[in-house]
Trainee: 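One structure is given below, represented as C-alpha cells, and several questions about it will come after.
Just so it is clear: chains get the letters A, B, ... in the order the sequence lines come, proteins before strands, and each one is counted from 1. Note that the structure is predicted; figures quoted are calculated from it, not measured.
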Amino acid sequence: MSAVAAADRVVDDVAETSGGTPAGRDSGRGVHGWHQVPFWILLSFFAVLFIYPFIWLVSASFKPRGEVFDNRLIPATFTLDNWGQVWRVSPLLTWLGNSGLVGLLAAGTVTASSALVAFGFAYFRFPAKNLLFGLVLSTMMLPGMVTMIPVFLIWKEVGLVGTQVPLWAQNLTGSAFYIFLLRQFFLGLPRELFEAARVDGCSYWGLFWRIAAPLSRPALIIVFIFEFQASWDDVLKPLIYLGNKTDLYTVPIGLNSLFVKYNPIAGGEGDFQYIVTASLISAVPLILIFLFGQRFFIEGIASQARKG
Amino acid sequence: MATVSAAGPALGDDPRRTRARAARRRKYDPRETRAAFAFLTPWIIGFLVFTLGPMIWSLYLSLTRYNLVDSPQFVGLKNYKRMLGEDPRVATALFNTFVYAVLYVPLAIVVALGLAMLLDRVTRGAGFFRTAYYLPVMTPGVAVAVMFSLLLNGNYGLVNRALSVIGIQGPQWLTDPAWIKPSIVLMSLWSLGGAIVIFLAALKNVPRELYEAASIDGASSWRRFRSITLPMISSAVFFQVIVLTIYALQMFDKVFVLFGNPGSQTYAGNSSLFYTLYLFQQAFQKLNMGYASALAWLLFVIVMVITVIQVKVGNRFVYYESERK
C-alpha cells in the first residue's frame, strides 16, 4: 500500500470515529446470534485474566496490613486507611505532580517539533530530501542504550543532571517515529488547499500553522497522548538523571523506591498495603486518559498495522 | 489506490509535479529550500547533538577506561576483549535475554493473533473486550512488576493459590532460577493489548469477498485461514515480530524493579541478569562508562543482525498489498 493511501486511510478512520467499521463490512463476516456464544465465553475467559489483577489490586488496597494476601475478592475487613495513609508515608502526590509536569512538557514539545519537521518533509521540495528522510527512519532502529551514556555526559557537562530537564528537553528536537506518523498524515491532505492559500499570499509558516496543523488535530492528539504515556512509564531516564533526589522523582521510580522500602524481599518492612495502593494510584491517570481518549489510542495503534 | 481520489490529489502525488520533476530535476526554488530547512531545524540539531555526535563519542568511549572522575584513558580494544572473552556475565546476560525473547515473541504473536481473531468474529461486545484487553497496557511497567511480584509470590500469591485449587503445586516463580524468565514472560504477556489492536485492524482490512469466494469453492475454515487470512495480514504480523523482538532484547523496567535494586534478594543473580540491566549496572552503578559503551555497541550490533535476518526471511513470506496489481 502506498504511503499516501495509508495516510488517507488514517484520515478517513479518524474522521469517522473508531467505533464503527465501515458499514456492511462487518455484518456478514461474523457468525450470527447464538452462534457467537462460544466466542463470547472464550473472550470472557481471557477478559477475566486481563482484568482480574486490577480487581485484586483494587480489593487489596481496601484491606488492612495483614490481609493483603488473603486473596479474597471482597475484603474481610474493609478499611480506607491505606488510601489516607499512602500520601503520608511517601511523597506520592509530589511524584504524581512531577510525572504530570514532565509528561506534559515531553508530550507538548515532541508534538510541536515533530509536526514542524514532518511538515518540512511532507510539503517542500528540496535537495537531499530522500536521504534526510532515510536518516530519520534509520534513527528509529537505533537502541537508546547506544546514545544513553554520551547524552548523559552532555547533560552532566551543562550541569543539568539532578534536574528534570533531561527527562523532556530532548523532545524539542522531535522524534523519528512521530515525524514518520505525522508526515504520513500531512501527505494525505489535499494539495489544492495549500496552493490556494499560497495564491492568496499565505506564508509557508501560515500553511503549517493555519492549514496543516488545524486539519491534523486528531493525529497531533495521538502523538501527544502516546508520548505522555511513554513519559509516564519511563524508568531509565529518571533513574539516571534524578539520582537520590526523591522530591524530583516521577511515579515509576517513586513506586520502585516504595517497593524497596516496604518489600521484605528487598529488606523492607512488609507494608504491602501501601505498595498495592500506590501501584493502583500510579495507573489511574493513564487509565482515565485511555477511557476518555480511547478512539485516539485505538486509531493511533491500528494505523501502525497499515504501515507496510 | 482507490482511497486517494475522494480527497482530490494529495500532498504527496500532485500529477503536475511528477511530470515536471524529470524536467527540472536539479532545479529547486531556493526560497522553498530555505523554508524547508527552517522547518527541519529541530530535527537536524537533534540528529547532530543527540544521535550522530553521541554515537561517535560512544564509539570513542568504548575504546577507553572512563569513570566520570578522571579523564578517559585510551585502552584500545581491551573493553571488547573483556566483553567477548573474559567476562562470563556478558554471556549469561545475553543467554537470559535471548531465552526471554525466544519465549516471549512467539507466544505474544500467537496469543494476540488468537484473541484478535476471536474479536473479529463477534459483532456485539467487541468494543468492551477490546477495552478490557487494552487496559493493562495503560499500567506503568513498574506497577506491573510490583503487582505481579505479589500475585506470583510462591507461598501466598494468588496464582499459586489458584493452581493449588486444581491440585497443582505452583513454583517459586520469582526466586527459582528456572522460573524467573517464564515469570517475566507472563507479566509481559499481560500487556499485550497493542498487538491485539494492530492485528484486529489488519483482520478488518481483509476483503470479505475473498472469504465468500473461498466458501463457495468449499474451502475449510483452516484452509481459509492458511490461504487468505495469514497472507493478507502477514505484513502486520511481520512488523509486530520485529517490533516485539527489539522490545524484548531491551527489556529493562520490570527486571530492574524485581532484580536490579541493590539489596533485593536476587539482585541480578545469574538467572535474573538481563542484558540492559547489566549495561545499566556497569554504566551507572559501577561507573565503568567505557566498558558500558562497548556493551551498548554489542547490543546495537545484535539488534541490527537479528532485524536484518528477520527482514530477509520475512520478505520471502510476507505479502504486500501493493504487489497485488
Trainee: In terms of heavy-atom proximity below 4.5 Å to chain A, should B:R124 be classed as side chain, backbone, both, or neither?
Mentor: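 Both the backbone and the side chain of B:R124 come within 4.5 Å of chain A.
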Trainee: Calculate, to the nearest 0.5 Å, the distance between atoms CZ and CZ belonging to A:F124 and B:R34 respectively.
Mentor: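 So the gap between those two atoms works out to 12.0 Å.
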Trainee: So, taking the atom named OG1 in B:T131 and the one named CD1 in A:I287, what distance separates them when rounded to the nearest 0.5 Å?
Mentor: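 The CD1 atom of A:I287 is 12.0 Å from OG1 of B:T131, to the nearest 0.5 Å.
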Trainee: Report the option among A:T139, A:L142, A:V48, A:L42 that has the most heavy-atom pairs separated by less than 4.5 Å from atoms of chain B.
Mentor: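 It is A:L142.
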Trainee: Examine whether an atom of B:S62 lies under 4.5 Å from a heavy atom of chain A, and if so say whether it belongs to the side chain, the backbone or both; otherwise answer neither.
Mentor: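 For B:S62, neither part sits under 4.5 Å from chain A.
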Trainee: Which bit of A:K156 comes within less than 4.5 Å of chain B, counting heavy atoms only: side chain, backbone, both or neither?
Mentor: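 Looking at A:K156, just its side chain touches chain B.
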Trainee: When only pairs under 4.5 Å are counted, which of A:S279, A:P53, A:P252, A:P127 shares the most heavy-atom pairs with chain B?
Mentor: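 Most pairs with chain B among the choices: A:P127.
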Trainee: Among A:I240, A:L172, A:I275, who wins on heavy-atom pairs under 4.5 Å with chain B?
Mentor: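 Among the listed options, the one with the most contacts to chain B is A:I240.
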Trainee: As an exercise: rank B:V237, B:L249, B:T276, B:L59 by heavy-atom pairs under 4.5 Å with chain A and give me the winner.
Mentor: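 Option with the top pair count is B:T276.
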Trainee: Which bit of A:S44 comes within less than 4.5 Å of chain B, counting heavy atoms only: side chain, backbone, both or neither?
Mentor: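 For A:S44, backbone and side chain are both near chain B.
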Trainee: First locate atom CG of B:L258, then atom CZ of A:F259, and finally report the distance between them rounded to the nearest 0.5 Å.
Mentor: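 Answer rounded to 0.5 Å: 5.5 Å.
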Trainee: Under 3.5 Å, sequence neighbours excluded: what are the donor-acceptor pairs made by side chains of residues 38-48 of chain B?
Mentor:
unit_1: B:T41; atom_1: OG1; unit_2: B:F37; atom_2: O; d: 2.8
unit_1: B:T41; atom_1: OG1; unit_2: B:A38; atom_2: O; d: 2.9

Trainee: Is A:F208 in contact with chain B via its backbone, its side chain, both, or neither, using a 4.5 Å heavy-atom distance?
Mentor: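 Contact with chain B: side chain only.
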Trainee: Just so I understand: if I count every heavy-atom pair under 4.5 Å between each of A:G120, A:G174, A:P143 and chain B, which residue has the most?
Mentor: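 When all of A:G120, A:G174, A:P143 are compared, A:P143 has the most.
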Trainee: Has A:N71 got a side-chain atom pairing as donor or acceptor with B:Y156's backbone, closer than 3.5 angstrom?
Mentor: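 A pair under 3.5 Å: yes.
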Trainee: Relative to chain B, which segment of A:D234 carries a heavy atom at a distance below 4.5 Å: side chain, backbone, both, or neither?
Mentor: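 Answer is neither: A:D234 stays 4.5 Å or more from chain B.
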Trainee: Is B:L118 in contact with chain A via its backbone, its side chain, both, or neither, using a 4.5 Å heavy-atom distance?
Mentor: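 Backbone plus side chain of B:L118, per the 4.5 Å heavy-atom cut-off to chain A.
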Trainee: Just so I understand: if I count every heavy-atom pair under 4.5 Å between each of B:Y60, B:W57, B:F129 and chain A, which residue has the most?
Mentor: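 With the most close heavy-atom pairs to chain A, the winner is B:F129.
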Trainee: Report yes if some heavy atom in the side chain of B:V49 is under 4.5 Å from a heavy atom in the side chain of A:T173; otherwise report no.
Mentor: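 Side-chain contact under 4.5 Å: no.
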Trainee: Restricting to non-hydrogen atoms, name the atom on A:Q229 and the atom on B:V137 that form the minimum distance, rounded to 0.1 Å.
Mentor: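 In this case the closest contact between A:Q229 and B:V137 is NE2-O, 3.0 Å.
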Trainee: Please list every donor-acceptor pair under 3.5 Å in which a side-chain atom of residues 138-150 of chain B meets a protein atom from a residue at least two apart or in another chain.
Mentor:
unit_1: B:T139; atom_1: OG1; unit_2: B:P136; atom_2: O; d: 3.3
unit_1: B:S149; atom_1: OG; unit_2: B:V146; atom_2: O; d: 2.7

Trainee: Checking A:F152 against B:F284 for the ring-ring contact (aromatic ring centres under 6.0 Å, His included) test, could you report, in this order, the C-alpha distance in whole Å, the side-chain angles of both residues, the deciding distance, and whether it holds?
Mentor: CA-CA 10 Å; A:F152 170 80; B:F284 295 101; 5.1 Å; yes
Trainee: Evaluate side-chain contact (heavy atoms from CB on, under 4.5 Å) for A:L239 paired with B:F256, printing each intermediate quantity in order.
Mentor: CA-CA 10 Å; A:L239 267 184; B:F256 175 79; 3.5 Å; yes
Trainee: Going by heavy atoms in the side chains, are B:L279 and A:M148 under 4.5 Å from each other?
Mentor: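 Result yes, sub-4.5 Å side-chain heavy-atom pair found.
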Trainee: When rounded to the nearest 0.5 angstrom, what distance separates CG in A:L153 from OG in B:S293?
Mentor: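 Rounded to the nearest 0.5 Å, the CG-OG separation comes out at 8.0 Å.
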Trainee: Let's test your reading of the structure: which of A:S113, A:P150, A:A118, A:S282 forms the most heavy-atom pairs below 4.5 Å with chain B?
Mentor: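 Most heavy-atom pairs within the cutoff with chain B belong to A:P150.
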Trainee: Measure A:L291 against the heavy atoms of chain B and call it side chain, backbone, both or neither at under 4.5 Å.
Mentor: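 For A:L291, side-chain heavy atoms alone lie under 4.5 Å from chain B.
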Trainee: Take a 6.0 Å sphere around CZ of A:R72 and say whether it holds more than 12 heavy atoms from other residues, nucleotides or ligands.
Mentor: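 No, because the 6.0 Å sphere around CZ of A:R72 holds 12 heavy atoms or fewer from other groups.
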Trainee: Between B:N155 and chain A, which part of the residue has a heavy atom less than 4.5 Å away: side chain, backbone, both or neither?
Mentor: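 For B:N155, no heavy atom lies under 4.5 Å from chain A.
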Trainee: For B:L189, is it the side chain, the backbone, both, or neither that has a heavy atom closer than 4.5 Å to a heavy atom of chain A?
Mentor: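 Just the backbone, heavy atoms under 4.5 Å.
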Trainee: Pair A:L236, B:F252 - check side-chain contact (heavy atoms from CB on, under 4.5 Å), show working.
Mentor: CA-CA 8 Å; A:L236 200 53; B:F252 179 77; 3.4 Å; yes
Trainee: Provide the closest heavy-atom pair for B:A296 versus A:V146 in the form atom of the first, atom of the second, distance.
Mentor: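 Looks like O-CG2, 3.6 Å.
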Trainee: Please check if the distance between the ring centroids of B:F128 and A:W40 is under 6.0 Å.
Mentor: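 They do not qualify: ring centres at least 6.0 Å apart.
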Trainee: Where on B:L158 is there a heavy atom nearer than 4.5 Å to chain A: the side chain, the backbone, both, or neither?
Mentor: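 The answer is both parts of B:L158.
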Trainee: What part of B:F280 gets within 4.5 angstrom of chain A, counting heavy atoms only: side chain, backbone, both, or neither?
Mentor: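 The answer is the side chain of B:F280.
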Trainee: Where on A:I179 is there a heavy atom nearer than 4.5 Å to chain B: the side chain, the backbone, both, or neither?
Mentor: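 Side chain only.
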Trainee: Apply ring-ring contact (aromatic ring centres under 6.0 Å, His included) to the pair A:Y52 and B:W190, showing each step before the final yes or no.
Mentor: CA-CA 11 Å; A:Y52 201 85; B:W190 190 59; over 10 Å; no
Trainee: Taking side chain as everything from C-beta outward and backbone as N, CA, C, O, which of these in B:Y275 sits under 4.5 Å from a heavy atom of chain A? Side chain, backbone, both or neither.
Mentor: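 Neither part.
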Trainee: What's the separation between atom CE in B:M55 and atom OG1 in A:T147, rounded to the nearest 0.5 Å?
Mentor: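 Nearest 0.5 Å value for the CE-OG1 distance: 8.5 Å.
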Trainee: Quick one: does B:Y133's side chain have a donor or acceptor within less than 3.5 Å of a partner on A:L43's backbone?
Mentor: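 Side chain of B:Y133 to backbone of A:L43: a pair is present.
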Trainee: Who among A:D233, A:I154, A:V235, A:V68 has the most heavy-atom pairs with chain B under 4.5 Å?
Mentor: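 Counting heavy-atom pairs under 4.5 Å, the top option is A:D233.
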Trainee: Going from CG on B:N261 to CG on A:N256, what distance comes out if it is rounded to the nearest 0.5 angstrom?
Mentor: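 The CG atom of B:N261 sits 4.0 Å away from the CG atom of A:N256.
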Trainee: Do you know which of B:D253, B:L52, B:T51, B:L135 has the most heavy-atom pairs under 4.5 Å to chain A?
Mentor: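 Top count of heavy-atom pairs under 4.5 Å with chain A: B:L135.
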Trainee: Side chain, backbone, both or neither: which part of B:I242 has a heavy atom under 4.5 Å from chain A?
Mentor: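 For B:I242, neither part sits under 4.5 Å from chain A.
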Trainee: Can you tell me if B:E32 uses its side chain to pair, donor with acceptor, with the backbone of A:R125 under 3.5 Å?
Mentor: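 Yes, B:E32 side chain to A:R125 backbone: donor-acceptor pair under 3.5 Å.
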